[in-house]
Amino acid sequence: MSFGVEVKNELCRTAVSRRCCAQAEAYGVLLYCNSFNERQARIVTESEAFARRLPVLFKKAFKLTFDCLPQGGGKQVFSITEPGKLAILHQSFGSDPGALALHVNFAVLEERCCRAAFLRGAFLAGGSVTDPRKGYHLELATSHHSVSREVLALMRELDQEPKSAQRKGNSVIYFKQSDKIEDFLTCTGAPLAAMEVMNAKLERDLRGKVNRRVNCDAANLDKAVEAAMAQVEAIRRLEKAGTLITLPDKLREVAALRAAHPEDTLAQLAERCSPPITKSALNHRLRKLVELGRKS
């Protein structure tokens with residue numbers, strides 16, 4: 001089951017209790033569905049949970065039944081074409097059936113709970129969200145450009161900051177930030193899905209930190225190996241040139257230890273000295289050996 005399906009399933013578990021919220025949710029559905037005009041209201045969905053919810057929602061909101069119900073799986077189509085029923089829908093929201101463009105009637109969305117229900121309906125009918133393990137993207141798409149602009153303003157009043165775009169004749173409102181998607185899902189009634197987005201982000205951040213640490217450790221190891229090889233090569237040059245035997249005891253001791261233990265870290269090599277010395281002191285002596293080796 002995809003994440004988008006899980007989100008819509010969770011949203012559809014929200015009880016259809018208050019009539020004002022049922023009307024607000026149905027309003028969101030109608031403004032973001034396949035078609036809503038003076039001739040028909042047509043809702044197309046592949047979500048089984050949403051398909052089960054629609055008849056209950058419209059019965060609670062308007063005491064109406066659909067004129068056409070889906071006959072099977074796949075894309076399920078609900079429609080209302082009877083003029084009397086369409087008149088009730090348009091009158092409920094104060095819309096003009098013959099108007100060239102639909103608009104959002106904010107008077108029916110005064111309560112915060114009704115605004116959340118409206119956005120839930122809009123998402124169920126015209127929304128999608130990607131799996132947070134693959135990326136962050138949630139959007140609402142409608143063919144009604146005026147509606148999209150007004151919903152954008154509505155969402156900003158709810159302290160949400162989506163972006164907008166035009167795509168293939170549709171107006172799209174979208175989020176690409178995980179925390180904004182979490183806020184939207186929580187607002188509309190899907191807190192479990194919001195938690196899953198949060199967990200996916202934490203997991204991604206943790207994996208990124210681990211990868212950066214591993215890469216950093218690998219880079220440091222590479223540098224240490226290159227340094228050790230340069231030190232061993234310098235010691236061989238000094239030995240071949242007969243210079244090594246003339247060096248001070250401390251340098252000859254470090255040279256012997258490095259030649260015998262080329263894989264040791266500075267800390268391990270410093271402990272082998274007699275008496276043990278600091279990493280800084282050891283590093284100074286090794287740099288001196290490398291410098292002398294270049295001159296040999």
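Quick caveat, the model's predicted, so the values are computed rather than measured.
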- Task: For Phe175 and Tyr136, run side-chain contact (heavy atoms from CB on, under 4.5 Å): C-alpha distance rounded to whole Å, both residues' side-chain angles, the deciding distance at 0.1 Å, then the answer.
- Result: CA-CA 8 Å; Phe175 296 104; Tyr136 306 122; over 6 Å; no
- Item | Any residue meeting salt bridge (charged side-chain N to carboxylate O under 4.0 Å, His left out) with Arg252, in chain and number order, not counting sequence neighbours | Asp249
- Item | Those residues that, when tested against Glu6, pass side chain to side chain contact (heavy atoms under 4.5 Å, CB included) (two or more places apart) | Met1, Phe3, Glu196
- Task: Kindly say whether Ser17 contributes a backbone atom to a donor-acceptor pair with the side chain of Lys60 at under 3.5 angstrom?
- Result: yes
- Residues at least two apart in sequence or cross-chain that pass salt bridge (charged side-chain N to carboxylate O under 4.0 Å, His left out) with Arg213, listed by chain then number, are Asp217
- Set of side chain to side chain donor-acceptor pair (under 3.5 Å) partners for His137, sequence neighbours left out: Glu139, Lys176
- Sequence-distant partners of Glu271, side chain to side chain contact (heavy atoms under 4.5 Å, CB included), two or more places apart: Pro276
- Message: Suppose the criterion is salt bridge (charged side-chain N to carboxylate O under 4.0 Å, His left out): which pairs have a residue in residues 143-153, not counting sequence neighbours?
- Response: none
- Message: Counting neighbours of CZ on Arg19 that are heavy atoms of other residues, nucleotides or ligands and sit closer than 6.0 Å, is the number greater than 12?
- Response: yes
- Query: Is Lys201 atom NZ crowded by more than 12 heavy atoms from other residues, nucleotides or ligands, each under 6.0 Å away?
  - Reply: no
- Residue that, paired with Leu57, satisfies side-chain contact (heavy atoms from CB on, under 4.5 Å) out of Glu25, Gln23, Arg52: Glu25
- Query: Under a single-linkage rule joining Ile, Leu, Val, Met, Phe, Trp and Tyr whose side-chain heavy atoms are separated by less than 4.5 Å, which residues share a cluster with Leu247?
  - Reply: Ile235, Leu238, Leu244, Leu251, Val254, Leu257, Leu266, Leu269, Ile277, Leu282, Leu286, Leu289, Leu292
- Any chance the rings of Phe66 and Phe58 have centres within less than 6.0 Å? yes
Contacts under 3.5 angstrom, residues 26-34 side chains, donor-acceptor by atom type, not counting sequence neighbours:
| from | atom 1 | to | atom 2 | distance (Å) |
| --- | --- | --- | --- | --- |
| Tyr27 | OH | His103 | O | 3.1 |
| Tyr27 | OH | Asn105 | N | 2.9 |
| Asn34 | OD1 | Arg42 | NH1 | 2.9 |

- Task: State, to 0.1 Å, how close Pro162 and Ile173 come at their nearest heavy-atom pair, and which atoms those are.
- Result: CB-CG2, 3.3 Å
- Query: Which ILVMFWY residues are connected to Leu202, directly or by a chain of links, through side-chain heavy atoms under 4.5 Å apart?
  - Reply: Met195, Met198
- Return the minimal non-hydrogen interatomic distance between Leu124 and Cys12, and the atom names on each side. CD2-SG, 3.8 Å
- How far does CG of Leu64 sit from CD of Glu82, to the nearest 0.5 angstrom? 9.0 Å
- Residue pairs, two or more places apart or on separate chains, that pass side-chain hydrogen bond (donor to acceptor under 3.5 Å, both in side chains) and touch residues 272-281: Asp264-Arg272
- Message: Glu110: which residues meet the side chain to side chain contact (heavy atoms under 4.5 Å, CB included) condition with it, sequence neighbours left out?
- Response: none
- Report, as yes or no, whether the 6.0 Å neighbourhood of atom NE2 on His261 holds more than 12 heavy atoms from other residues, nucleotides or ligands. yes
- Message: Run the side chain to side chain contact (heavy atoms under 4.5 Å, CB included) test against Ala24 and tell me which residues pass, sequence neighbours left out.
- Response: Leu109, Cys114, Ala117, Phe118
- Task: Grab the two heavy atoms, one from Ala41 and one from Leu89, that are nearest each other, plus how far apart they are.
- Result: CB-CD1, 4.2 Å
- Message: Around atom CZ of Arg236, are there more than 12 heavy atoms from other residues, nucleotides or ligands closer than 6.0 Å?
- Response: no
- Message: In this structure, is the centre-to-centre distance between the rings of Phe93 and Phe62 below 6.0 Å?
- Response: yes
- Message: For the backbone of Leu192 and the side chain of Glu10, can you confirm whether one donor and one acceptor N or O come within less than 3.5 Å of each other?
- Response: yes
- Atom CD of Gln268 with >12 non-hydrogen neighbours under 6.0 angstrom: yes
- Query: Short question: side chain of Asn37, backbone of Arg39 - any donor-acceptor pair under 3.5 Å?
  - Reply: yes
- Message: Would the distance check show the side chain of Thr14 and the main-chain N or O of Leu11 forming a donor-acceptor pair, the cut-off being under 3.5 Å?
- Response: yes
